[in-house]
Amino acid sequence: MHQLVIIGGGFAGLWAALTAAREANNHAADVRITVVARDKYLTVRPRLYEVFTDAMRAPLNPVLTPLGIQLKVGVATTLDTKAKSVEVRGEEGNVTLPYDRLVLAAGSEQRPLEIPGAAEFSLNIDTFGGARSFDRHLREVLRSPAQPGRSTFVIVGAGFTGIELATEMRNRIRLHSDADTARAARVILVERENVVGPDLGTNPRPHIEAALRDANVETYLGARLAKIERDAVTLASGERIATATVVVTAGLKAHPIAGQLRVELDRQGRVMVDPMLRVNGVPTAFAAGDIAHAHTDDDHVALMSCQHAIPMGKFAGYNAAHDLLGLPLRAYSQPNYVTCLDLGESGALFTQGWDRKPEQFGLEVKSLKRMVNTQWIYPPTGNRDAILTAADLDAPWPPAV
Ligand SMILES: Cc1cc2nc3c(=O)[nH]c(=O)nc-3n(C[C@H](O)[C@H](O)[C@H](O)COP(=O)(O)OP(=O)(O)OC[C@H]3O[C@@H](n4cnc5c(N)ncnc54)[C@H](O)[C@@H]3O)c2cc1C
C-alpha cells in the first residue's frame, strides 16, 4: 500500500487530501492518506477579523472520513526526507509516520513583533485561539472600570487583515458594550509604510482611505511601535499612546517547518516548488498553500491567500497521488486573480486582476464577501459522492463571480 502523508489540516492540506483520495478512488489504487493536523478543525482564517463565533472553524472528520482519509491529531515535529518519515507529537506521544509521498501544507503564522512587551501584551487574530483570546479581551476591557486607554484600540499593520479589522472594530466594540461607547472609542491603525494597504497597490487605495475615514479610524503612517506595555504603546518617534488593546496583524511568515526540508526559501520563508508543486530538490515532497512559493502564471507568484491555497492544495494532492501511481502530473496555473476586501460599514471592495482594479464597491459587494467567508471557503458538505465531485481538479474555484 502507498503512503501519502499531508502535514496541515488547513485549506491546502484539506483539499490536497480530498483530491488525492479522489484520484486513488478513480484508479482503484490502494493509497493510505493521512492528514497530520494540530486539531480536528479547519480554521477559516479569513473570518478571524469578524465578530467571533465558534463557526469560524469547521470539523475535518465529516469530510475526511467518507473518503477513508485518516486524521492524525498532533504536531509534525521532525521531517526526515532521506528516511521519508515524519515524527508527530500527539496525544499518544511521539509516533513516526513513514511516507512514500509528502505534501507539506503547514501554512503560515504571524511572528510576534521583535520589540519589548510584544510577547506579553499584544494580541492577534491569526489563529482560532488568538481570535478567541482577542474577543475575550475586548469583552473584559470594555466592562472594566474607566481608566486611561481603556477605549483606545491599536491595530498594527495596515495590510488586508489590518484594514478589515480596523473598519469592523466599532461594530465589535458596540456588540460588547453600546453604541455610545463604540462611537467614542479611538481606533488607531499603525503602518510602517507611508500608505495604507502598501501591498495592495495604488488602485484600491482611494476606496480604502475613504472607508477608514468613514469609520473614523486614525492612521499613523510611516510609524513603528518601539515598545508595548500593559497600558500603553510607545512609537519609535517617542509618542506614547495610552491603550489596553494592541492587535498585531503584520509579520506573516511561512511555518518554520519549511526549514527542515533544507532547500532554498523565499523572503517569506516559503519553499520553492516547480510547476507540479514538487519541492525543488526533494522529489518525494510536494508543497501547497502559504508555505509554497509557486508561480500562478509567467508573471506572478501565488499570494498567501485562500484563493491560492485551495487550488494549490488540489494540484498538490492530485500530483502526489499520480506520482505514486505512475500517472501523468498536471502543472498548476491560476492566471485569474480577484480580491474582495471588507470595509466595515462602507461595504466591501471587489477588484479584478493583479493590478487590483476596483470593479464594484459598497454594500452589494458585502453580500459577496459574506458568501465567500461563510460558504465558498468552507469544506464541502454532503455524502461521499458530493465530496468526491468537489475534489475534482477541474471543478471551478472560485465559483463564478
Ligand atoms: C485574519 C486573516 C484574514 C485573511 N483574509 C483572507 C482573505 O480575505 N482572502 C484570502 O484569500 N485569504 C485570506 N487570509 C489568508 C488565508 O487564511 C491563508 O492564506 C490560508 O489559510 C492558507 O491556507 P494554508 O492551508 O496554506 O494554511 P493554514 O490555513 O494556515 O493551515 C495550515 C494548518 O497547518 C497546521 N500546522 C502548521 N504546522 C503544523 C505542524 N507542524 N503539524 C501539524 N499541523 C501544522 C496549522 O495549525 C494550520 O491549521 C487571511 C488570513 C488571516 C489570518
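Just follow the structure's listing: the first ligand is 1, and inside any ligand the first atom is 1.
- Of all the atoms in ligand 1, the ones that sit under 4.0 Å from a non-hydrogen atom of Val36 are 43 (C), 44 (N).
- Counting atoms of ligand 1 from 1 in the listed order, those under 4.0 Å from a heavy atom of Asp126 are 53 (C).
- Residue Gln307 has at least one nitrogen or oxygen atom sitting less than 3.5 Å from a nitrogen or oxygen atom of ligand 1, judged on distance alone.
- Remark: the Tyr337 side chain and the Gln352 side chain contain no N/O donor-acceptor pair separated by less than 3.5 Å.
- Near Met304, with a cut-off below 4.0 Å to any heavy atom, the atoms of ligand 1 are 15 (C), 19 (O).
- Side chains of Val279 and Leu104 form no contact here, defined as non-hydrogen atoms less than 4.5 Å apart.
- Polar contact with ligand 1: present for Ala12 (N/O pair, distance under 3.5 Å).
- Scanning the protein heavy atoms around atom 30 (O) of ligand 1, the nearest turns out to be Arg45 NH1, 2.8 Å.
- Between the side chains of Arg174 and Asn171, a donor-acceptor pair is found at a separation under 3.5 Å.
- For atom 3 (C) of ligand 1, the nearest protein heavy atom lies closer than 4.0 Å.
- The neighbour count for Glu359 CD, taken as heavy atoms of other residues, nucleotides or ligands under 6.0 Å away, is above 12.
- In terms of polar-atom proximity, defined here as any N/O pair under 3.5 Å, Phe11 does make such a contact with ligand 1.
- Between Thr161 and ligand 1, no N or O atom pair is found at a separation short of 3.5 Å.
- By the 3.5 Å distance cut-off applied to N or O atoms, Thr43 is not counted among the residues near ligand 1.
- Gly313 does not count as a contact of ligand 1, since none of its heavy atoms falls under 4.0 Å from the ligand.
- With a 4.0 Å heavy-atom cut-off, ligand 1 is reached by the side chain of His255 but not by its N, CA, C or O.
- Checking only distances, Glu164 never comes within under 3.5 Å of ligand 1, N or O to N or O.
- For atom 33 (C) of ligand 1, the nearest non-hydrogen atom of the protein is Gly10 N, 3.7 Å.
- Protein heavy atom in closest approach to atom 27 (O) of ligand 1: Gly107 CA, 3.2 Å.
- Ligand 1 places these atoms under 4.0 Å from at least one heavy atom of Ala105: 32 (C), 34 (O).
- No donor-acceptor distance shorter than 3.5 angstrom exists from the side chain of Arg356 to the backbone of Thr351, with no hydrogens or angles considered.
- Using a 4.0 Å heavy-atom cutoff, Lys369 is listed among the residues neighbouring ligand 1.
- Both the backbone and the side chain of Ala106 come within 4.0 Å of ligand 1, judged by heavy-atom distances.
- Contacts between Val75 and ligand 1 below 4.0 angstrom, taking non-hydrogen atoms only, involve backbone and side chain alike.
- Side-chain N/O atoms of His255 and Ser108 include no donor and acceptor closer than 3.5 Å.
- Using cut-offs of 30° and 60° on the angle between ring planes, the pair Trp354 and His300 is parallel.
- Looking at heavy atoms from C-beta onward, Thr284 lies out of side-chain contact with Leu102 at the 4.5 angstrom threshold.
- At the top of the distance list for atom 41 (N) of ligand 1, counting protein heavy atoms only, stands Ala76 O, 2.9 Å.
- Within 6.0 Å of CD on Glu218 lie more than 12 heavy atoms contributed by other residues, nucleotides or ligands.
- In this structure, Arg230 places its CZ atom where only 12 or fewer heavy-atom neighbours from other residues, nucleotides or ligands lie under 6.0 Å away.
- The protein heavy atom nearest to atom 13 (C) of ligand 1 is Pro46 CG, 3.7 Å.
- A cation-pi arrangement is present between Arg57 and Phe128 under the rule of less than 6.0 angstrom and at most 45 degrees off the ring axis.
- Contact of the Asn280 side chain with the Val263 side chain is not registered, since no non-hydrogen atoms from C-beta on lie closer than 4.5 Å.
- Of the protein's heavy atoms, Arg38 NH2, 3.8 Å lies nearest to atom 39 (C) of ligand 1.
- In terms of protein heavy-atom proximity, atom 34 (O) of ligand 1 is closest to Gly8 CA, 3.3 Å.
- The protein atom (non-hydrogen) at minimum distance from atom 11 (O) of ligand 1 is Cys306 N, 2.8 Å.
- The environment of CD in Gln70 is crowded: more than 12 heavy-atom neighbours from other residues, nucleotides or ligands sit within 6.0 Å.
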Are Ser144 and Arg150 close enough, and set up right, to give a side-chain contact (heavy atoms from CB on, under 4.5 Å), and what steps lead you there?
CA-CA 8 Å; Ser144 66; Arg150 186 193 71 163; 3.4 Å; yes
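- In the vicinity of Gly289, heavy-atom distances shorter than 4.0 Å reach the ligand 1 atoms 26 (O).
- Formation of a donor-acceptor pair under 3.5 Å by the Arg330 side chain with backbone atoms of Phe315 is not found in this model.
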